[in-house]
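For ligands, and for the atoms within them, numbers begin at 1 and follow the listed sequence.
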Amino acid sequence: MPTNGQFALMQLSYENLGNTISQNTLSFHHGKHLKAYVDNLNKALPGSAFEGKSLQEIVKTSDGGIFNNAGQVLNHTMYFEQFSNSPRQMSDKFAALVNRDFGSFEALQQEMNQKGATLFGSGWVWLSADKEGKLVITQNTNADNPVRHGLTPLLTFDVWEHAYYLDYQNRRADYLAALWQLIDWTTVESRL
Ligand code: MN
């Protein structure tokens, strides 16, 4: 729920992510891109039907400019919060779900990397849980989020060019492959 009717820019828990995502990328991606989505959402909400609603509720039920900005605020908050310089490992319990639904962790990585690399244009690749608790990987374009499709989002890779172009230029696949070493699985699993 926003404070005083306004959403705040989330704070990063790290100053850099080593060589995987540079401080330069972080400063633009968090300090400029995400900040603009937060500011635009806060400008659009007063007097709208979504004033005072939670971010998830807005993302689920809005469209147009409010949806685009709210979706990007939710997507980026989940993206930045799931990374760490000292990431915690996947629990045995979650690893069992991964093995059940993908066969192996390597198969999950391969599917997520492939779907991230082949998403045309701007968007996000997500690992989510469906209503039965089965883990699924989806491509979602622009500001879309799995909550709009009845899924519980767990882990996401931003494949908008602004997420990687300063560090990786056109090498989106290299960026995707590098992200795995930053994932704090305790944070990811807490979303289930
Ligand atoms: Mn982004």
Check whether any N, O or S atom of H29, backbone or side chain, sits closer than 2.8 Å to the Mn ion (ligand 1).
yes

Checking T186 side chain against R88 main chain: does a donor-acceptor pair fall under 3.5 Å?
no

Does a donor on one side chain and an acceptor on the other come within less than 3.5 Å for E189 and S91?
yes

Got a donor-acceptor contact below 3.5 angstrom from the Y168 side chain to the T20 backbone?
yes

Cation-pi check, R172 to F157: give yes when NZ or CZ is under 6.0 Å from the six-membered ring centre and within 45° of the ring axis, no otherwise.
no

Considering just N/O/S atoms, say which atom of H162 is closest to the Mn ion (ligand 1).
NE2

To make sure I understand the geometry: which N, O or S atom in D158 is closest to the Mn ion (ligand 1)?
OD2

